[in-house]
> 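First the structure, which I've put down as structure tokens, then a few questions once you've had a look.
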Protein chains: 2
Amino acid sequence: MLSKKTKYGLKALAYLATQPDKKPVQISEIAEKENISQKFLESILLSLRKTGFLGSKKGKGGGYYLLKSPEEISMTDVMRVLEGPIAMVPCVSLNFYETCDDCPDENTCSVHKLMLQVRDSALDVYRNNTLKDIIS
Amino acid sequence: MLSKKTKYGLKALAYLATQPDKKPVQISEIAEKENISQKFLESILLSLRKTGFLGSKKGKGGGYYLLKSPEEISMTDVMRVLEGPIAMVPCVSLNFYETCDDCPDENTCSVHKLMLQVRDSALDVYRNNTLKDIIS
DNA sequence: GAAAACTCTATTAAATTAGTAGGGTAATAA
DNA sequence: TTATTACCCTACTAATTTAATAGAGTTTTC
């Protein structure tokens, strides 16, 4: 299940991407328009800023804005930052790999075999979508 | 993230699928070989029996066995029973559809658009894999 | 210098997960 | 028929994660 954090983060990014110019948008505006708890959104935007997706400007007339253009923002990167691993089990994760403590051999594990395919198919989707692709 | 329930359920099904004949296999044997808590496995096998994947036999020499041959068991069905919805958000779920309370319009929702593709790609994988395909 | 807006820390309520405990019931072989 | 084996069921719980909420603090800009 997709976490609210990811959902809200994606919506906020999409909202910023539809802005005509690069003028900062206030948290309160995004929160209201996208029906998101302002405080929760605050922490999400903060993490998107720390990971290089957003810039922020303080003071009057401040807010958040995209650091890159929407077509340069890959869903792969966004999902990894917001949701974490794309794989459904750590033993098939590219960026968050871990061995399973219960599994004696990955190569003969049926779960591994299936989840590898699921990961690849999900990666395909994310790699083929930038922020520009998903805004209406 | 894949739940342990699903993981264990898949492993148990795979274990049963590799049995030479259709002789019932005891819970204790599967639990031991696959490193699964016996009691937890018990509840998982029970749900697989109630949903028509497994048959069981009581008494001495009893246990669980597959009701169909491995190539007739689709991962789509298994995943839906063990893990629940394949979609990451209810608004793109085929079997567990729900509207999002926060979203005014699905058709213009970026999250919806992206998750629809993810669901379809996952479904593709599950539809193309039977139990037979994932056993080594 | 005051208002606007971002930043940070801490706390919490609810939900889910992954078990654990323990007894009860049914079927089979001997 | 009787002992054993193995399934069946309910209830409880510890740990973790999620989704906030509260409130104070800091920085910037007009």
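Below, chain A is the first sequence line, B the second, and so on; all start at residue 1.
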> Which parts of nucleotides 12-19 of chain C does protein reach within less than 4.0 Å, heavy atoms only, written one letter per nucleotide 5' to 3' as B for base, S for sugar-phosphate only and - for none?
------SS
> May I ask you to check whether over 12 heavy atoms, not counting those of Glu32(B), lie within 6.0 Å of atom CD?
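Atom CD in Glu32(B) is not crowded, with 12 or fewer foreign heavy atoms closer than 6.0 Å.
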> Is Asn128(B) reaching over with its side chain to a backbone N or O of Val125(B), donor-acceptor style, under 3.5 angstrom?
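Checking the backbone N and O of Val125(B) against the side chain of Asn128(B), no donor-acceptor pair under 3.5 Å is found.
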> Who pairs with Leu46(B) by side chain to side chain contact (heavy atoms under 4.5 Å, CB included), at least two apart in sequence or on another chain?
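Only Arg49(B), Lys50(B), Tyr64(B) meet the side chain to side chain contact (heavy atoms under 4.5 Å, CB included) criterion with Leu46(B).
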> Which ring pair (Phe, Tyr, Trp, His ring centres under 6.0 Å) pairs, counting each pair once, include a residue from residues 65-106 of chain A, with sequence neighbours left out?
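Found none.
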> When you list every nucleotide of DNA chain D with an atom under 4.0 Å from a heavy atom of chain A, which one comes first 5' to 3', and which comes last?
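Range of nucleotides within reach of chain A: dA19(D) to dT29(D).
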> For Arg119(A) and Met88(A), indicate whether the former's side chain and the latter's backbone hold a donor-acceptor pair under 3.5 Å.
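No: the side chain of Arg119(A) does not pair with the backbone of Met88(A).
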> Going by ring-ring contact (aromatic ring centres under 6.0 Å, His included), name the residues that satisfy it together with Phe40(A), two or more places apart in sequence or in a different chain.
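Per chain and number, Phe40(A) pairs via ring-ring contact (aromatic ring centres under 6.0 Å, His included) with Tyr8(A).
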> List, with names and distances, any nitrogen or oxygen atoms from the protein found under 3.5 Å away from nitrogen or oxygen atoms belonging to nucleotides 8-11 of chain C.
from, atom 1, to, atom 2, distance (Å)
dC8(C), OP2, Lys50(A), NZ, 3.3
dC8(C), N4, Glu42(A), OE2, 3.4

> Name all residues meeting the side chain to side chain contact (heavy atoms under 4.5 Å, CB included) criterion together with Ala17(A); count only those two or more places apart in sequence or in a different chain, and write none if there are none.
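By the side chain to side chain contact (heavy atoms under 4.5 Å, CB included) rule, Ala17(A) matches Leu66(A), Pro70(A), Leu131(A), Ile135(A).
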> Using a strict heavy-atom distance below 4.0 Å, which residues from residues 54-66 of chain B are in contact with DNA chain C?
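Contacts with DNA chain C under 4.0 Å: Lys57(B), Lys58(B), Gly59(B), Lys60(B).
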> To the closest 0.5 Å, what do you measure between NZ (Lys68(B)) and CG (Leu54(B))?
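Rounded to the nearest 0.5 Å, the NZ-CG separation comes out at 10.5 Å.
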> For Asp101(B), what residues pass the side chain to side chain contact (heavy atoms under 4.5 Å, CB included) criterion, not counting sequence neighbours?
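Residues passing side chain to side chain contact (heavy atoms under 4.5 Å, CB included) with Asp101(B): none at all.
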> Show me the pairs that pass salt bridge (Lys or Arg N to Asp or Glu O under 4.0 Å) and involve residues 1-14 of chain A, at least two apart or across chains.
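Checked against salt bridge (Lys or Arg N to Asp or Glu O under 4.0 Å) - neighbours excluded - the pairs reaching residues 1-14 of chain A are Lys7(A)-Asp102(B), Lys11(A)-Asp102(B).
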> So if I take residues 77-101 of chain A and measure heavy-atom distances to DNA chain C, which residues fall below 4.0 Å?
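When residues 77-101 of chain A is checked for heavy atoms under 4.0 Å from DNA chain C, there are no hits whatsoever.
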> Apply side chain to side chain donor-acceptor pair (under 3.5 Å) to Glu83(B) and list each qualifying residue two or more places apart in sequence or on a separate chain.
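Residues passing side chain to side chain donor-acceptor pair (under 3.5 Å) with Glu83(B): Ser3(B), Thr6(B).
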